[in-house]
Each structure stands twice: as C-alpha cells, then as structure tokens.
Amino acid sequence: MTSVTFDEALLPAHWRDFVALTKPRVMTLVVFTGLCGLLVAPGHIHPILAFTAILCIAIGAGAAAALNQWYEADIDAKMKRTANRPLPAGRMDRQSALHFGVGLSFFSVILLGMATNWLAALVLAVSILFYVFIYTIWLKPRTAQNIVIGGAAGAFPPVIGWAAVTGDISALPVALFMLIFFWTPPHFWALALFVKTDYAAAGIPMLPVVSGEVVTRRQIWAYTAIMAVAAMAPVLLQLTGLVYGVTALLGTALFAFFAFQVYRRRESDPTRMQPERRLFKYSILYLFLLFGAVVVDRWVLA
Amino acid sequence: MTPDENEKVRARQKSRALVMGLLLGALVLLFYGITIAKMGGN
C-alpha cells in the first residue's frame, strides 16, 4: 500500500452539508407565506406555539428537499447547476440523506401535531408526501407540466399556518393556496427560459426543453391570466379588504405587463434575456408584497 | 488509515457532535417553552 489517496467518502459528512441538503434559500418563501397564513388567521396562538409551527413548516420543507435530493442524486450529477450538491459531489452517502430526510419528516409532523393540532400536522404530512412522491418521483420525470402540479407542494404553507391557529381550513387559506399554485408556473418558467439548465442531458422533460421557447412564453402568459384571477379572488369574495385589493390590483397589473413583454419576445440567447430575468425577480417580490398585504389588511381592519 | 486521516475523521466527528449537542440543547428549551405555553394557554 503506497500513497493511497484519501477517500472523501470515508469521512462522515460535514454538518454544513446536512444544512445544504435542506435548501435553506428556498425555505425563506415557505417560511414567509406560512407565517402570513398564521398571522391572518382569526383567534389567538401563544407566541411560542406560533414559533414552533413556523419551525415545523421550515423543517418539513427541509426534509422534503433532502428526500428530493436523495431520489435525484443521479440526475443532479448530470447537470452543472446541481452537480456540486452534497450527494452528487460525493461529500455524503445517499443513505445518510435518506435517514436525515425521513427523520426530519416524522419529527416536524409529530412536533406540529403536539404543539398545535393534528389537522395542521396532517396538511404538513400531505405536503411532504406530495412533494416527494407526486412531484419528484411521479410527475417530474414524466410530463412537461410537472411544475404546475408540483407547485401545489409549495402552496401548502399558508394553509398549515392558518390551520395551526384555527384547527380548520376556510376560504381564505384556500384562496392563498390557489394564488401560490397559479403563481408557480410563470415564476418557474421565466427562470427556465434564461437558465439553460441541462435538463435534456438529465432526461427531465422541462417545458422549454420539450415544447420549445415559444410555447413556454405562451404558457407563461396563460398562467399569468389565471393567476390574476386567483390574486383578485380574495378581495372579490370579500375575504380581505382594500389594502390587499389595491396592492393586488397594482402588483398584478405590473406582473401582467412584465409577463406580456416576455410573451411577445422571441429570444433564445440567455445573455439578452433582461425581460425574462426581470419577470423572475419581480415574481418573488410580488408574492412577498401580496402576502404582506393580506396581513396588513387583517391587522388594519382589527 | 494514516494518523493524518484519522485526525481528519476525528475533527469531523467532533464538529458534528458539537452541533448535535447545541441542537439538543435548543430542543430542551423549546420543549420547556411549549410545555409552559400548553399549561398556561387555556
């Protein structure tokens, strides 16, 4: 035995790689929308229990992300953007990621059930299972509409936040669910237009890869129209007041303006895709604005 | 494993144990808080 290179795989994974496995950056929007659902719900919740509920939503989202990467390690290895994640880079063995994800899933669901109520815990469990089984395993490798239905997983947090306080699910949390659900396609496909991720090499049928750029632009516009209806629904159904109504109207008008520009353009060079980048960046701000407005609305009225 | 590699593994284990300890400590505090909230809440 001479000069054996030290195998990184023999090392126990670094704790930072377990954190990376939970995709902390994706979590911010999940935590924020969950918090908004919790804040607009009628009734009282002890601040410590509210904190615990949000913590459980975050941990559940992290668990789902870990399980997603456990399942997709081979696919991630084929794409430049994801090749440096802990599993494809060989800094962690797959079984650790599986145990970590399953463990966090059970932990978050049980803790949420004990701290708040079991309806909230059930919705959290459904959202994790939906993300892992319906989206990651079933739809993502099969259909170009994968992210449309998969977006439902990201739409659950406000429902969970609401249910943690009230123990029920009424019209407003469902409306907020619909808003995130129909927001996801234009948000994601705007990104897919200018980030030419090598989905084709990995065998993932993302819309721009399967149907081309023109169809993607058309679908962004179509889903923006449906999203606009979902955005105005809470105020039209009188679930929220004027603050939300005005914010949603102006915010959605700007969203539609950016989406229309993207719809009309024909450009396949990512370096010249400023409007597409603008739509993507604005879409994130848009969701923060509208959810913030729901909270302000509820607190101004009260 | 050479002594050098052994050192590396030990260092990694130590940092993981430290983080785990901190997390468990935080959990103790959280569960204490939840208990108090649950007892006084109603």
Side-chain angles (χ1 to χ4, degrees), chain A residues 1-22 38 43-59 62-63 86 90-93 96 99-100 103-104 106-108 110-118 120-121 164-167, chain B:
Chain A
M1 291 271 283
T2 51
S3 87
V4 184
T5 48
F6 185 48
D7 189 359
E8 282 283 323
L10 286 176
L11 265 179
H14 199 286
W15 63 268
R16 282 198 195 88
D17 280 326
F18 282 101
V19 177
L21 212 58
T22 63
L38 187 137
H44 282 288
I45 182 168
H46 193 288
I48 291 176
L49 300 183
F51 170 80
T52 307
I54 299 303
L55 184 71
C56 288
I57 294 174
I59 295 174
R91 296 195 304 273
M92 185 188 292
D93 63 301
S96 298
H99 292 170
F100 182 66
L104 285 190
F106 276 99
F107 176 77
S108 62
I110 292 170
L111 180 58
L112 185 61
M114 306 241 272
T116 63
N117 60 71
W118 292 98
V165 180
T166 62
Chain B
M1 261 197 280
T2 66
D4 204 34
E5 293 164 0
N6 202 25
E7 192 83 4
K8 249 177 137 177
V9 171
R10 283 288 150 78
R12 182 77 50 103
Q13 283 171 337
K14 194 175 175 185
S15 77
R16 275 176 62 155
L18 192 71
V19 170
M20 202 64 204
L22 290 173
L23 283 177
L24 284 172
L27 263 187
V28 168
L29 289 177
L30 182 68
F31 281 21
Y32 174 73
I34 292 172
T35 309
I36 297 299
K38 282 272 179 193
M39 286 196 307
N42 307 314

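Per chain, numbering begins at 1; letters A, B, ... match sequence-line order. Since the model is a prediction, treat every value here as computed from it, not as a measurement.
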| query | Does atom CD of Gln13(B) have more than 12 heavy-atom neighbours, drawn from other residues, nucleotides or ligands, at distances under 6.0 Å? | reply | yes

| request: Could I get the full list of side-chain hydrogen bond (donor to acceptor under 3.5 Å, both in side chains) partners for Ser96(A), not counting sequence neighbours? | output: Asp93(A)

| query | Residue by residue, which of residues 22-31 of chain B have a heavy atom closer than 4.5 Å to a heavy atom belonging to chain A? | reply | Leu27(B), Leu30(B), Phe31(B)

| message | Need one label for Leu55(A): side chain, backbone, both or neither, based on atoms under 4.5 Å from any heavy atom in chain B. | response | side chain

| task | Keeping to residues at least two apart or across chains, list the salt bridge (Lys or Arg N to Asp or Glu O under 4.0 Å) pairs with something in residues 44-53 of chain A. | result | none

| Any Ile36(B) side-chain heavy atom under 4.5 Å of Ile48(A) side chain | no

| message | List the residues meeting side-chain hydrogen bond (donor to acceptor under 3.5 Å, both in side chains) with Arg16(A), not counting sequence neighbours, and say none if there are none. | response | His14(A)

| query | Taking atom CG of Leu49(A) and atom NZ of Lys38(B), what is their separation to the nearest 0.5 Å? | reply | 6.0 Å

| Shortest non-hydrogen separation from Phe18(A) to Arg16(B) and the atoms involved | CE1-NH1, 3.8 Å

